Amino acid sequence: MPDDQSAIPARDAKRLFAGLAGAPALLLAVSGGPDSVALMWLAARWRRALAQGPRLVAVTVDHGLRPEAAREARDVKRLARSLDLPHHTLRWTGPKPKTGVPAAARAARYRLLAQAARKHGATHILTAHTRDDQAETLLMRMLRGSGVAGLSAMARETERDGVLLTRPLLDISKAQLIATLKKARIGFADDPTNRDRSFTRPRLRALMPMLAAEGGDARNLARLAARIARANAALEVLVDGAEHYLASKSEDNSGAGFDAALFAVMPEEIRVRLLKRAIDRIGHEGPAELGKVETLLAAMDEALDGTLGKRESKLKQTLAGAVISVAAGRIRIGPAPPRRARSR
């Protein structure tokens, strides 16, 4: 779609939802902003053109953080009804955190959306993330020092809580969506938090015009994320092969460790990923942080230098609910005992 300022024609909109016609139902996450309203309008137009297709259900999550949110949810409901779509408002209730509000709100939103998808028999949740969002996500992760997997940014489709989270607008600019709504004479809400520079994403958004002037526009940043995602997928295939190779050479059929000598000669990125996979699979405290896995690998390499040099060297550390040990030429990974409750 070469023109970022023009409305999306019907022939292109059809391609956005390719592969979804066979789903029994699709849940549309619609906040009331231009991106999600455009998603709902485009999806409704696509569905009307099908002789048979999925049921569409629009859902708005009211986080209870802004007084305008309830009115915006009612506006979405009215628009949904005009498109012959059922609409439901979900509310994030309970106490709200004093810090990390965007992350907590995002987690609550996806939890509520997954619950609604299961309730309505939807196999997919459609969100309105755009190419602009993809560029901002890449920048945020670059600044946080993410690895290759993190710099892949958002995938078009991921699994979450047993439901597929799909982003059909990931290659579309926000400007195109606004142009589409203007042509259709459809209104939308303006969320002031999108410009609140006390949050990271709006601060980066404000920098985008300057980055674009240097060639770092949303299109090029999203293209970079796509290329990194392609490299990440290739690396995962290599890690699969390395994992199978180590398992085939192991005398221990538990799958809980590696032969130290074979592990030591593999490229560092492969070893980091192998280690993280094993810890995430066996540990019970959530995904291991990449930086901590890298630090652990450095300690393991130091221990392995002694082991492979015929000098007995041992290591035993815990990370993310797993115990990692190096001894007798073998790396072993097992579950860590539960942490003791602190006495008061």
Side-chain angles (χ1 to χ4, degrees), residues 100 103 137-138 140-153 155 158-159 224-225 227-343:
T137 299
L138 174 66
M140 289 177 70
R141 294 184 180 181
M142 285 175 62
L143 295 173
R144 291 171 182 171
S146 292
V148 175
L151 294 177
S152 301
T158 52
E159 189 274 336
L224 173 60
R227 288 170 174 166
I228 296 174
R230 189 174 63 203
N232 183 61
L235 283 168
E236 284 295 286
V237 171
L238 294 176
V239 177
D240 288 342
E243 195 169 42
H244 293 149
Y245 175 73
L246 289 173
S248 70
K249 296 295 183 180
S250 176
E251 296 177 359
D252 179 357
N253 294 323
S254 68
F258 315 118
D259 178 275
L262 296 176
F263 179 75
V265 297
M266 291 181 173
E268 185 174 356
E269 179 68 18
I270 303 299
R271 289 186 292 138
V272 167
R273 288 175 180 242
L274 282 169
L275 192 55
K276 188 175 188 316
R277 272 192 191 184
I279 293 170
D280 289 348
R281 185 167 55 239
I282 294 170
H284 50 78
E285 294 180 2
E289 293 179 26
L290 177 59
K292 291 182 179 180
V293 176
E294 290 169 336
T295 300
L296 172 63
L297 181 62
M300 289 172 60
D301 282 346
E302 189 173 329
L304 288 171
D305 281 344
T307 301
L308 300 177
K310 308 302 182 185
R311 176 171 55 84
E312 180 66 11
S313 181
K314 295 181 179 180
L315 174 143
K316 187 173 184 180
Q317 290 189 14
T318 60
L319 178 59
V323 175
I324 303 92
S325 62
V326 177
R330 185 159 182 83
I331 300 163
R332 289 183 173 81
I333 302 171
R339 295 178 185 268
R340 292 180 181 177
R342 293 182 179 179
S343 58

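Bear in mind the structure is a predicted one, so any value in this text is a computation, not a measurement.
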Visitor: Could you measure the distance from the CD atom of Glu243 to the OG atom of Ser248? Nearest 0.5 Å is fine.
Guide: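 Rounded to the nearest 0.5 Å, the CD-OG separation comes to 11.5 Å.
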Visitor: Working to the nearest 0.5 angstrom, can you tell me the gap between Leu275 CG and Ile333 CD1?
Guide: 5.0 Å
Visitor: Report the distance from atom CG of Leu304 to atom CG of Leu297, rounding to the nearest 0.5 Å.
Guide: 8.5 Å
Visitor: Any chance you could measure Asp301, atom CG, to Phe263, atom CZ, to the nearest 0.5 Å?
Guide: 7.5 Å
Visitor: Kindly indicate whether the side chain of Val293, heavy atoms from C-beta on, has any atom under 4.5 Å from the side chain of Arg277.
Guide: no
Visitor: Please indicate whether Glu236 has more than 12 foreign heavy atoms, meaning atoms of other residues, nucleotides or ligands, lying under 6.0 Å from its CD.
Guide: yes
Visitor: Could you check Tyr245 against Met266 for side-chain contact (heavy atoms from CB on, under 4.5 Å), going step by step and ending with a plain yes or no?
Guide: CA-CA 11 Å; Tyr245 175 73; Met266 291 181 173; 4.0 Å; yes
Visitor: Just jot down the salt bridge (Lys or Arg N to Asp or Glu O under 4.0 Å) partners of Glu269, sequence neighbours excluded, or say none.
Guide: Arg273
Visitor: State which residue, out of Thr318, Val323, Leu274, Leu296, fulfils the side chain to side chain contact (heavy atoms under 4.5 Å, CB included) condition with Ile279.
Guide: Leu296
Visitor: Does Asp259 reach the main-chain N or O of Leu246 with its side chain, forming a donor-acceptor pair under 3.5 Å?
Guide: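 No, the answer is negative, given that no donor and acceptor are paired below the 3.5 Å cut-off.
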Visitor: Within the distance-only criterion (no hydrogens, no angle test), does the side chain of Lys276 pair as donor or acceptor with the backbone N or O of Leu290 below 3.5 angstrom?
Guide: no
Visitor: Which atoms form the tightest heavy-atom contact between Ala153 and Ala225, and what is the distance?
Guide: CB-CB, 4.0 Å
Visitor: Would you check if Leu151 and Asn232 make a side-chain contact, meaning some heavy-atom pair closer than 4.5 Å?
Guide: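 A side-chain contact under 4.5 Å is absent here.
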Visitor: Can you tell me how far apart OG (Ser325) and CZ (Arg330) are? Round to the nearest 0.5 Å.
Guide: 9.5 Å
Visitor: For Glu285, give me all partners under salt bridge (Lys or Arg N to Asp or Glu O under 4.0 Å), at least two apart in sequence or on another chain.
Guide: Arg339
Visitor: Considering all heavy atoms of both residues, which atom of Leu315 and which atom of Ala303 are nearest to each other, and what is their separation?
Guide: CB-CB, 4.0 Å
Visitor: Looking at CD1 of Ile331 and CZ of Arg271, how far apart are the two atoms once the value is rounded to the nearest 0.5 Å?
Guide: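 Here the rounded value is 8.5 Å.
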